[in-house]
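Here's the structure we're looking at; comments come further down.
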Amino acid sequence: MRDIHEHSAGEDLVIKTSVRLLVPFIQLFGLYVIVHGHYSPGGGFQGGVILGASFILLALAYDLKTSQDYMPIWANALLGNLGPVIYIGVGALCAIFGGLFLDYSALDVLIPLGPVEWRSFGIFLVEVGVGLAVMSIMLLLYWNLSSGGALDEGL
Amino acid sequence: MIWQLDLLILSLVVICAVVTIQLKDLLGASVVFGIYSFLMCLLWAEMGAVDVAFTEATVGAGVSTIFFIAAILRTTRRSKD
């Protein structure tokens with residue numbers, strides 16, 4: 001684990017320690033919500049918000065720099081653009097392989113799993129794209145709001 | 001659905017909405033708005049719309065309250081009107 005006290009601005013040990021212990025579990029829960037989105041309540045949007053909120057919590061308890069150590073600005077921008085690319089790419093692949101846009105059963109030509117399994121698996125791919133996009137946009141919204149657009153310091 | 005519970009949560013929701021509008025302290029208003037969102041989440045979960053309740057709990061009560069507070073810290077805390 002990297003030295004997390006490097007950029008520390010506040011001094012409250014209780015908040016810092018509890019956030020440091022909580023953040024991995026919050027992220028694991030966010031991934032669970034994304035992956036189980038088509039079986040149970042949840043999905044890409046909610047899971048993405050939870051993943052973004054974990055980094056926001058890090059920025060609240062420590063510093064904006066600390067959250068940018070764990071999620072750099074370039075990685076955030078890359079993930080935020082990768083999400084729509086996954087979504088549109090899956091839909092366009094379906095159209096290319098002879099189905100309608102986002103008709104996942106057409107992807108059976110690519111990897112033969114059966115059309116029913118592809119309909120279940122395709123919605124999972126789309127949810128991953130939605131989750132990545134929502135996570136990075138939520139984090140970017142918080143960075144911009146709390147630092148006045150400078151993305152260097154705040155709260 | 002238990003209609004007594006519905007009525008209780010709904011009246012609390014209305015009270016929180018009125019308090020949010022009437023408060024002059026914007027930080028307090030955003031905190032009460034977080035309570036409003038969480039009560040809305042409870043109401044939806046109680047009526048069986050678990051997915052909507054989940055969205056309300058994460059977006060409404062969780063992230064948007066933080067956004068409001070971050071915006072207040074960058075602007076002013078007192079309402080002008």
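If you're wondering where the values come from, they're calculated on a predicted model, not measured in any experiment.
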A:M138 and side-chain contact (heavy atoms from CB on, under 4.5 Å): which single residue from B:V63, B:T58, B:I66 fits? B:V63
Verify the neighbour count for atom OH of A:Y32: are there more than 12 heavy atoms of other residues, nucleotides or ligands below 6.0 Å? no
ILVMFWY network linking A:L78 to A:V134, side-chain heavy atoms under 4.5 angstrom: no
I'd like to know if B:L10 and B:V18 are part of one continuous hydrophobic network [Ile/Leu/Val/Met/Phe/Trp/Tyr, side-chain heavy atoms within less than 4.5 Å]. no
Distance from A:I56 atom CD1 to B:F67 atom CZ, nearest 0.5 Å? 4.5 Å
Could you walk me through whether A:Q46 and B:T55 pass the side-chain hydrogen bond (donor to acceptor under 3.5 Å, both in side chains) check? CA-CA 6 Å; A:Q46 290 93 326; B:T55 311; 2.7 Å; yes
Close side-chain approach of B:F54 and A:V49, heavy atoms under 4.5 Å: no
Of the backbone (N, CA, C, O) and the side chain (C-beta and beyond), which part of A:I50 lies under 4.5 Å from a heavy atom of chain B, both, or neither? side chain
If you group Ile, Leu, Val, Met, Phe, Trp and Tyr by side-chain heavy-atom gaps below 4.5 Å, do A:L28 and A:M135 land in one group? no
Nearest-0.5 Å distance, OG of residue A:S40 to CG of residue B:D51: 8.5 Å
Do B:V32 and B:L73 sit in the same hydrophobic cluster, where Ile, Leu, Val, Met, Phe, Trp and Tyr count as joined when their side-chain heavy atoms come under 4.5 Å apart? no
